[in-house]
Amino acid sequence: MRHMVLIRLDPSQAPDGGPDEQLIADMNTLIEEMTKAGVLLDTAGLRPTEEGTRVRQTGGKQTVIDGPFTESKEIIGGYCLLQTRSNAEAVEWASRFLRVHGPEWDIEVEVRQLDDQG
Amino acid sequence: MRPPEQPTGQVDSPGAGLRQATKSPDERARRAVEAAWRIEWPRLVAGLTRVAGDIGTAEELAQDALVAALEQWPRDGVPPNPGGWLMLTAKHRAIDRIRRDANFARKLELLGHQLRIDEHGERLADSAESIALSSGTLGSGVPGSDLSGSDSTGPGSGRADRRDPGAGGSGRGNSRTGGPGPAGSAAMGSGRPGDGAEVTDDLLRMIFTACHPVLTPPARAALTLRMVGGLGTGEIARAYVVPEATVAQRIVRAKRTIATKRVKYEVPQGAELAARLDSVLEVIYLIFNEGYTATAGERWVRAELCEDALRLARILAGLLPGEAEVHGLAALLELQASRLRARSNDTDELVLLADQDRAHWNRLYIRRGFAALGRAHALNRTRGQAPGRYALQAAIAAVHAMAPTAAETDWRRVTGLYSVLAERFPSPIVELNRAVAVAMLHGPAAGLELADKAAQSGALDGYHLMHAVRGDLLSRLDRVPEARTALLRAAELTANSTERALLRDRAERLGTPPAN
């Protein structure tokens, strides 16, 4: 089964200057480990919402709004696509992802199984 | 996908309350333990086999460690380095066992292992904790306490209490705060039970042992899924649609064979590596195929088994990044797996390649397959080697993956690749596949000629697909009675009920043609 792990955080609460060198190194180690365990299919961080665009459709009418999206506190900062044998394994990997972050990070992941039917 | 909007002011994570409501903390802890254990299992048991000298003992020690984890983690939280924790606990249980063991000769033999355990433990844990633990066990753990107290006051629990404070709090490894921490700090960040090279070697040893040619192919598959894939016997049994007792027995016998035949727990070197690697690749390939075209049972495809094989192929690619054929196999499996969803319909009937809805092909797997194939090619080029059988098959799968519709398939390229495959790795099955491709390029008559030639050897007489292919080609040549005979023979031979139904249906429809 596959799971999408969505990484959410509040950019205003994130440490200035983003991840430090140690976090980047730890993250790379973890990514390598997930790769070698055969569970990591894909992963990426997302560019800040300043560079994002929302296209919304309501009542058949589209509106295009450029970032930043100040009204939303938590945004998706990145994702992992995992392939594991159980939900619990995906949750454990997600938990390891959080674990490499220090206490200065207020961060959450959402683990969602892909619907492979139909 | 649109992220759900957060009402301003709601700072708490929206899922937390919900999860607590749906799952008890105990249940969540138990699941976390099981998941962590499962993730760590292959490396744990591979490392323990090296220090214990035997797979069976390693498994028992790993199980002991799991029991300790089930006792403590729900209470104290999953430690920052679950793999290291499990490994140290298992080693302590090993020392307990040695001390419990009354058999003097056996004791002497194992004491040798203990020395190695201690040696390994020091490297593993940067010595501080392991020494503390060893002295704790050897000093305070007087022999009398073993029988009554090993579960509650044994080394496993004592160690965990000492080590876990860091786990419950920030939950972050010691590696960031600098300086070696008490418990395997070098491995903290990654959660590994040892340094990278050592783990790599242990896992490779396990893979080569589990896939050793002294074992029968089903035993190799079962043992590999168990020891490297981390599957339980129940899961393997379900995957292969056989009774659990059969799998358990198969694994027990395989372990016994490894012991009696004195199979060395090592990674083969030089020319032997190539030969033994073939066996490893074949095991993974067969596991995948069992899932891809189930030989037994009701379901046509067992995607989980394919995923298990894929994971094994990816693990192997991570362990042996310099071996072209490992990437070739990974490429083949990724590309084949990309079609899994399109390969059966809602009622689990087989959908042939030509009829598959290509929108359902998994683009990510295709991309990963191409990337792996690229690595295989690059390695082959660097070494002046010709592509191996899996890389060639992956190249064929890649041609299909590139075609936006079945009609746009580059059959010339496919037949060319099959020619190379047939020349380098001749087999009646390759010839049969080549016949199918040639039929697409040059028409059914040319295909049938090749198929008949492949059939001549007699090696394919019991292979249902040979009859299915002939039946298909004969029907396209309007040789109806022969076609019907061949399709019905194919239906008789297949063990898969879905496929049987499909073949019979085709034969029947041949029977009532608008004879024009």
Side-chain angles (χ1 to χ4, degrees), chain A residues 1-2 4 6 8 10 13 20 22-23 25-42 54 56 69 71-76 79 81 83-93 95-96 98-112 116-118, chain B residues 1-3 5-6 8-11 13-16 28 31-32 34-36 38-39 42-43 78 80 82 169-173 175-178 188-192 196 199-200 203 229-231 235 303-304 307-308 310-319 340-341 346 360 364-365 367-368:
Chain A
M1 55 178 71
R2 283 177 294 157
M4 181 64 89
L6 299 166
R8 295 171 191 279
D10 180 347
Q13 301 295 314
D20 61 18
Q22 185 63 54
L23 176 56
D26 287 351
M27 193 61 73
N28 286 342
T29 310
L30 181 65
I31 286 173
E32 190 192 328
E33 186 177 354
M34 291 164 117
T35 306
K36 284 188 167 175
V39 299
L40 182 64
L41 296 180
D42 195 15
R54 282 183 183 170
R56 172 171 293 215
F69 309 113
E71 79 281 12
S72 45
K73 285 178 77 73
E74 284 196 325
I75 59 143
I76 294 176
Y79 72 91
L81 187 59
Q83 187 166 57
T84 59
R85 234 189 187 257
S86 69
N87 294 311
E89 278 172 80
V91 171
E92 172 61 19
W93 282 112
S95 152
R96 290 181 185 196
L98 292 186
R99 219 178 277 154
V100 298
H101 289 75
E104 67 274 22
W105 287 87
D106 197 345
I107 186 168
E108 179 189 68
V109 290
E110 183 174 328
V111 184
R112 305 273 302 271
D116 277 340
Q117 309 303 314
Chain B
M1 199 185 298
R2 190 160 51 89
E5 303 284 334
Q6 298 292 318
T8 36
Q10 184 184 342
V11 192
S13 65
R28 265 184 294 142
R31 282 167 53 108
E34 282 177 8
R38 175 176 207 134
I39 289 167
R43 294 180 300 210
V78 175
S170 73
R172 99 187 289 197
S175 53
R176 285 172 60 87
T177 45
M188 267 316 196
S190 66
R192 280 180 183 210
V199 169
T200 295
L203 262 181
L231 271 65
E235 288 170 311
E304 264 201 340
E307 289 184 7
D308 291 330
L310 249 178
R311 212 157 34 233
L312 288 168
R314 294 182 197 133
I315 290 171
L316 194 64
L319 294 172
L340 271 173
R341 215 177 93 191
D346 292 344
H360 282 179
L364 175 61
Y365 285 10
R367 218 161 61 228
R368 292 175 55 90

Completion exercise
Heavy-atom nearest pair, Ala35(B) first then Ala88(A), reads CB-O, 3.3 Å
Problem - Residue pair Val39(A) / Arg311(B): nearest heavy atoms and the distance that separates them - result: CG1-CD, 4.0 Å
Exercise for the section: Would you check, one step at a time, whether the test side-chain contact (heavy atoms from CB on, under 4.5 Å) holds for Arg38(B) with Glu92(A)? Expected result: CA-CA 10 Å; Arg38(B) 175 176 207 134; Glu92(A) 172 61 19; over 6 Å; no
Picking from [options], which has the most non-hydrogen pairs under 4.5 angstrom with chain B?
| options | answer |
| --- | --- |
| Ile75(A), Asn87(A), Thr84(A) | Thr84(A) |
| Ala90(A), Ser86(A), Ala37(A) | Ala37(A) |
| Arg2(A), Met27(A), Gln13(A) | Arg2(A) |

Practice task
May I ask you to test the Leu319(B)-Lys36(A) pair for a side-chain heavy-atom distance under 4.5 Å?
Solution key: no
Problem - Which atoms of Ile31(A) approach chain B - backbone, side chain, both or neither, heavy atom under 4.5 Å - result: neither
Per-residue contact mode, [X] against chain A (heavy atom under 4.5 angstrom):
| X | answer |
| --- | --- |
| Leu312(B) | neither |
| Leu310(B) | side chain |
| Ile315(B) | both |

Problem - Residues Arg85(A), Glu304(B): salt bridge by 4.0 Å N-O rule - result: yes
Problem - Side-chain donor/acceptor of Glu89(A) to backbone N/O of Ile39(B), under 3.5 Å - result: no
Exercise for the section: List the steps and the verdict of side-chain contact (heavy atoms from CB on, under 4.5 Å) for Arg314(B) and Thr35(A). Expected result: CA-CA 8 Å; Arg314(B) 294 182 197 133; Thr35(A) 306; over 6 Å; no
Exercise for the section: Report the distance from atom CD of Glu33(A) to atom CZ of Arg43(B), rounding to the nearest 0.5 Å. Expected result: 4.0 Å
